[in-house]
Asks: 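Here's a structure for you.
Every chain is numbered from 1 and lettered A, B, ... according to where its sequence line falls, protein lines coming before strand lines. The model shown is predicted, which means the values in this text are computed figures rather than measured ones.
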Number of protein chains: 2
Amino acid sequence: MAEKVTIADVARHANVSRQTVSNVLNSPEVVKEGTRQRVLAAVETLGYRVSAAARQMRTGRSRLLAVRIETTQDGMNVFDRFLHGLTESAARSGYRVLLYAAGDDRAEIATIDQLLGEFEPDGFVLTSTHHGDPRASWLAERDLPFVTFGRPWGAPAAGHPWVDVDGAAGTESATRHLLGEGHRRIGFIGWEAGSGVGDDRKAGWSRTLAAEGLDAGLTLETDGSSAQGQAAARELTGRGATALVCVSDSVALGALQVLPAVVGFDDTPVAAAVGLTSLGQPLAEAAAHCVDLLTGRLSGRPAAAHVLLTPSLVIRKEPRS
Amino acid sequence: MAEKVTIADVARHANVSRQTVSNVLNSPEVVKEGTRQRVLAAVETLGYRVSAAARQMRTGRSRLLAVRIETTQDGMNVFDRFLHGLTESAARSGYRVLLYAAGDDRAEIATIDQLLGEFEPDGFVLTSTHHGDPRASWLAERDLPFVTFGRPWGAPAAGHPWVDVDGAAGTESATRHLLGEGHRRIGFIGWEAGSGVGDDRKAGWSRTLAAEGLDAGLTLETDGSSAQGQAAARELTGRGATALVCVSDSVALGALQVLPAVVGFDDTPVAAAVGLTSLGQPLAEAAAHCVDLLTGRLSGRPAAAHVLLTPSLVIRKEPRS
DNA sequence: TCTAAGGGTTTGATCGATCTAAAAGCTGTG
DNA sequence: CACAGCTTTTAGATCGATCAAACCCTTAGA
């Protein structure tokens with residue numbers, strides 16, 4: 001194990017004081033070019049890296065962003081792609097991602113509280129926002145820096161930064177795609193009403209049909225499983241539907257057993273595997289925006305902004321013979 | 001934002017010295033019962049939590065485990081479930097999980113090196129081990145604590161702790177299941193030879209057929225995609241196969257378009273969705289063992305142990321009409 | 001009675017970086 | 001040649017915990 005190199009070692013090696021080394025790294029503009037070079041060279045040859053712990057001690061900043069790792073639900077989740085993007089973007093901005101697990105909102109708040117005392121993350125990223133979400137208000141009350149990936153459903157006036165994907169725009173483009181292929185009786189298989197995300201996705205479908213003067217009554221709610229998706233697809237085709245827009249790939253996969261003109265949501269690996277047309281969320285981009293908003297807030301730039309990204313329709317032919 | 005509570009605050013409140021508070025938390029046995037209670041009460045009322053940074057400064061231990069977040073490949077990855085288990089198990093042992101991203105082995109080593117200088121993680125968890133893996137040897141040379149999730153393929157004598165799932169045992173049980181259903185011509189769709197994991201899974205199938213005196217020639221290699229899985233299934237059924245064991249759910253999904261008697265590997269959400277029988281890896285358990293081995297090493301307990309877990313066959317009826 | 005041996009608790013130093021404040025180096029001007 | 005007015009560099013103090021060693025007190029043995 002390499003003996004650790006401290007700022008004092010670098011200072012000695014470059015014949016300057018500790019503080020000058022610190023300045024070279026943190027406020028290069030106050031240091032004379034010559035010394036700067038000399039110090040940088042010393043940093044290089046010694047392989048010096050600032051100790052995050054020591055820095056945190058003094059500055060109170062940990063360069064850590066905390067995120068809860070989602071439990072994979074029944075569905076085919078896309079969270080890992082978001083997390084990957086978050087980790088990469090954070091690294092580019094000099095931050096690292098700290099994970100935590102929590103069963104429900106209360107447990108999550110307790111964990112956040114604990115983390116604040118121990119590791120003091122500089123910011124939090126909340127995912128899966130929902131109606132009456134207590135986490136955002138808890139953080140907001142304490143004036144802690146955070147972003148949500150997901151709109152503040154039911155609290156549109158919430159002043160915190162957020163990033164989300166425009167589900168309605170997605171299903172609108174899916175619906176238009178099916179219209180373009182000549183379909184006129186297009187159904188929608190959703191989740192139970194009440195979830196912000198689900199309602200939003202449904203809205204895009206219905207407003208598009210309404211705009212064309214078509215029937216927006218061919219819709220059913222499910223629990224999100226493929227089985228119920230398949231059942232719903234049977235029912236809806238029975239009622240005349242020739243194409244279906246689905247709230248998720250999971251549901252779409254079930255529907256695909258019934259008819260070919262189906263569009264899913266999330267563009268999961270499954271969609272690619274079975275040749276399902278689906279709406280892809282720009283997750284890496286969303287993650288990058290989360291990091292931007294958060295680090296912006298952290299470096300004192302203006303607050304409260306939000307970003308709404310548009311999913312893109314990935315059109316596939318069903319490969320099934 | 002709550003003003004932070006330090007150990008000195010607790011000491012003052014309980015009328016003892018800082019060190020006594022520290023002892024109550026770290027070596028309770030040296031403190032008299034009465035004082036212990038008093039200090040704990042003070043800790044409670046003040047809501048004190050040790051500052052990880054300050055502790056790390058002094059002890060050199062960060063209580064952080066670092067893990068690379070995998071890039072979701074073409075396949076339907078299961079990494080997020082492992083990661084979730086890891087986060088939970090780590091928390092139970094008082095550790096947190098720090099994520100990092102890296103494109104290839106060299107980049108990963110560079111990142112680990114950097115992390116060591118900055119955040120000083122106490123241990124590392126390497127995933128996706130493969131032949132000639134330079135990461136394990138790099139860490140081993142420096143005598144840094146780590147575990148791998150995956151055997152040291154090609155270096156069976158490697159002295160580091162590892163956890164893995166017995167792929168061969170899995171495909172063996174899958175093959176026996178198909179034998180039990182009366183199949184005699186059972187094929188195997190794999191990956192290209194050379195990957196430890198793929199070869200292992202194939203071995204379980206072939207040794208089982210060999211033990212029964214049956215033909216183990218019905219096998220093809222693919223790139224792991226559903227499309228190639230489907231093509232391979234066509235070819236193999238053409239050569240007389242009536243059932244197929246597959247190296248992954250992705251491949252199995254393709255095969256499922258050709259014939260019903262298919263077993264996949266990983267028990268991904270897709271398998272559940274389409275009613276595919278599949279081998280489930282005990283990921284939460286694997287993660288827990290990783291944490292155990294690592295924290296064991298960290299607290300000075302004996303080194304080098306390993307754990308081989310058995311996957312379980314999840315039998316499903318194909319729901320397709 | 002005096003000393004030794006511990007149990008229980010406290011004091012001072014320390015980890016490595018950054019903050020603050022002030023010293024030292026320049027430059028140009030009167 | 002001194003000095004104001006900069007620029008550049010430096011010397012302590014500090015963040016919050018733990019280590020090492022000292023200290024106090026009580027009890028036991030000589």
Side-chain angles (χ1 to χ4, degrees), chain A residues 1-40 42-43 46-64 94 115-120 122 299, chain B residues 1-40 42-43 46-64 94 115-120 122 299:
Chain A
M1 209 175 303
E3 59 298 333
K4 64 185 81 142
V5 181
T6 78
I7 200 171
D9 298 324
V10 177
R12 211 169 304 125
H13 193 276
N15 251 329
V16 294
S17 67
R18 292 174 331 232
Q19 185 57 40
T20 296
V21 178
S22 175
N23 284 335
V24 167
L25 300 173
N26 301 308
S27 337
E29 69 281 2
V30 309
V31 179
K32 213 158 83 183
E33 182 61 14
T35 16
R36 202 178 69 85
Q37 298 290 358
R38 194 149 37 94
V39 169
L40 286 180
V43 165
L46 296 180
Y48 169 75
R49 296 192 202 294
V50 305
S51 152
R55 163 187 285 168
Q56 181 182 347
M57 269 285 259
R58 194 74 253 261
T59 66
R61 310 193 63 191
S62 61
R63 308 223 130 233
L64 244 32
L115 280 178
L116 278 170
E118 298 180 356
F119 290 87
E120 290 183 86
D122 291 336
S299 46
Chain B
M1 209 176 304
E3 57 300 331
K4 63 187 80 140
V5 181
T6 77
I7 201 171
D9 297 325
V10 177
R12 210 169 302 127
H13 193 275
N15 249 331
V16 293
S17 68
R18 293 170 333 227
Q19 185 58 41
T20 297
V21 177
S22 174
N23 284 335
V24 167
L25 300 173
N26 300 308
S27 336
E29 70 281 1
V30 311
V31 179
K32 216 158 81 180
E33 181 61 14
T35 7
R36 202 179 68 85
Q37 299 288 358
R38 195 149 36 91
V39 169
L40 285 179
V43 165
L46 297 180
Y48 168 76
R49 295 192 203 295
V50 306
S51 151
R55 163 187 283 167
Q56 182 182 344
M57 268 288 260
R58 195 73 253 257
T59 65
R61 311 194 61 190
S62 60
R63 308 221 133 233
L64 244 30
L115 280 177
L116 279 170
E118 298 179 357
F119 290 89
E120 289 183 87
D122 290 337
S299 47

Asks: May I have the distance from B:K32 (atom NZ) to D:dC24 (atom P), rounded to whole angstrom?
Replies: 17 Å
Asks: Round to a whole Å and report the spacing from CD of B:Q56 to P of D:dC19.
Replies: 14 Å
Asks: Does the side chain of B:L40 come within less than 4.5 Å of B:V24's, by heavy atoms?
Replies: yes
Asks: Do side-chain atoms of B:S51 reach the backbone of B:A54 as a donor and acceptor pair under 3.5 angstrom?
Replies: yes
Asks: Measure CD/A:E118 against P/D:dA17 and give the value in whole Å, please.
Replies: 11 Å
Asks: Is it true that a side-chain atom of A:R63 and a backbone atom of A:G94 form a donor plus acceptor pair closer than 3.5 Å?
Replies: yes
Asks: Ignoring hydrogens and geometry, is there a side-chain-to-backbone donor-acceptor pair from B:R38 to B:A14 under 3.5 Å?
Replies: yes
Asks: B:K4 versus A:E120: any side-chain heavy-atom pair under 4.5 Å?
Replies: yes
Asks: With no hydrogens and no angle check, is any side-chain donor or acceptor of A:T59 less than 3.5 Å from a backbone partner on A:R55?
Replies: yes
Asks: Can you give me the N/O atom pairs linking the protein to nucleotides 11-18 of chain C at distances under 3.5 Å, or say none if there are none?
Replies:
residue	atom	partner	partner atom	Å
C:dG12	N7	B:R18	NH2	3.4
C:dG12	O6	B:R18	NH2	2.9
C:dA13	N6	B:R18	NH2	3.4
C:dT14	O2	B:R58	NE	3.3
C:dT14	O2	B:R58	NH1	3.4
C:dG16	N2	A:A54	O	3.4
C:dA17	OP1	A:Y48	OH	2.9
C:dA17	OP1	A:S51	N	3.3
C:dA17	OP2	A:I7	N	2.2
C:dA17	O5'	A:Y48	OH	3.2
C:dT18	OP1	A:N26	ND2	2.9
C:dT18	OP2	A:S22	OG	2.7
C:dT18	OP2	A:N26	ND2	3.3
C:dT18	O2	A:R58	NH1	2.9
C:dT18	O4	A:R18	NH2	3.4

Asks: How close or far is atom P of C:dG6 from atom CD of B:E29, stated in whole angstroms?
Replies: 18 Å
